[in-house]
Visitor: 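First the structure, then my questions, so here it is.
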Amino acid sequence: MRFDPAALPVALANRVLGREAWAQACLAAHAGRVFAVTVGPIVTPMRIDESGAIASATHQAGPADLKLAVSPLALPSLLADPTRWDEFVAVDGDPALAATLKGLAETL
């Protein structure tokens with residue numbers, strides 16, 4: 001069995017979302033959209049499915065609808081205080097999806 005580094009963030013996100021039906025409903029409104037999270041040299045593309053769950057999009061053709069970038073040095077601070085999203089996350093793309101992800105990060 002081969003380790004897929006993109007599987008860890010997807011699994012963690014789905015574990016949190018699995019306990020929060022309202023959060024899955026928020027994401028389901030963006031079904032089919034792809035967003036990529038970049039932390040340093042690591043890029044993790046993810047797709048939102050119809051149920052509001054997250055799936056790996058490593059084999060997705062085409063650009064992501066939203067790109068989020070976080071410095072590896074800022075990641076611990078962001079995780080400790082997600083309300084500082086605007087300070088630590090560079091956003092490029094779909095503003096509605098970005099707002100949903102920001103709201104979920106701050107709430108969950």
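One is the number of the first residue; the rest follow in order along the sequence.
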Visitor: Indicate the atoms forming the closest heavy-atom contact of A23 with L17, along with that distance.
Guide: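 So the minimum-distance heavy-atom pair works out to CB-CD2, 3.7 Å.
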
Visitor: Between T38 and K67, does the side chain to side chain contact (heavy atoms under 4.5 Å, CB included) criterion hold? Intermediate values first, please.
Guide: CA-CA 8 Å; T38 301; K67 296 175 186 173; 6.0 Å; no

Visitor: Looking at every non-hydrogen atom in both residues, tell me the closest pair between S51 and Q24 and how far apart they are.
Guide: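 In this case the closest contact between S51 and Q24 is O-CB, 3.6 Å.
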
Visitor: For A98 and W85, work out which heavy atoms get closest and say how close.
Guide: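 Smallest heavy-atom distance, with atoms named: O-CZ2, 4.3 Å.
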
Visitor: Taking V34's backbone N and O only, do any of them form a donor-acceptor pair with D65's side chain (distance below 3.5 Å, no angle check)?
Guide: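 At least one qualifying donor-acceptor pair exists.
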
Visitor: Looking at C26 and L104, what are the two nearest heavy atoms and their distance?
Guide: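 Closest heavy-atom pair between C26 and L104: CB-CD2, 4.5 Å.
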
Visitor: Mind checking the CG-CZ spacing from L27 to R33? Nearest 0.5 Å is all I need.
Guide: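 So the gap between those two atoms works out to 13.0 Å.
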
Visitor: Let me check something: do L73 and L79 share a hydrophobic cluster, defined by ILVMFWY side-chain heavy atoms less than 4.5 Å apart, either directly or through other members?
Guide: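 Each belongs to a different hydrophobic cluster.
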
Visitor: Less than 4.5 Å apart, side chain to side chain, heavy atoms only: is that true for V39 and T44?
Guide: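 Side chain of V39 against side chain of T44, heavy atoms only: no contact under 4.5 Å found.
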
Visitor: How far does NE2 of H30 sit from CG of L66, to the nearest 0.5 angstrom?
Guide: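 The NE2 atom of H30 sits 10.0 Å away from the CG atom of L66.
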
Visitor: Where is the tightest heavy-atom contact between L68 and F35, given as atom of each residue plus distance?
Guide: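 Smallest interatomic distance, heavy atoms only, reads CD1-CD1, 4.4 Å.
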
Visitor: For a 4.5 angstrom cut-off between non-hydrogen side-chain atoms, does S77 reach F88?
Guide: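 A side-chain contact exists here, since the closest heavy-atom pair is under 4.5 Å.
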
Visitor: Which heavy-atom pair separates I54 from A13 by the least distance, and what is that distance?
Guide: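 What the structure gives for the nearest pair is CG1-CB, 4.1 Å.
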
Visitor: Between NZ of K102 and CG of L97, what distance do you get to the nearest 0.5 Å?
Guide: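 Going from the NZ atom of K102 to the CG atom of L97 covers 13.5 Å.
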
Visitor: Any heavy-atom pair between the side chains of M46 and V10 that's under 4.5 Å?
Guide: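 V10 vs M46: side chains touch.
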
Visitor: Could you please spell out the steps behind the side chain to side chain contact (heavy atoms under 4.5 Å, CB included) verdict for L101 and V89?
Guide: CA-CA 11 Å; L101 294 174; V89 181; over 6 Å; no

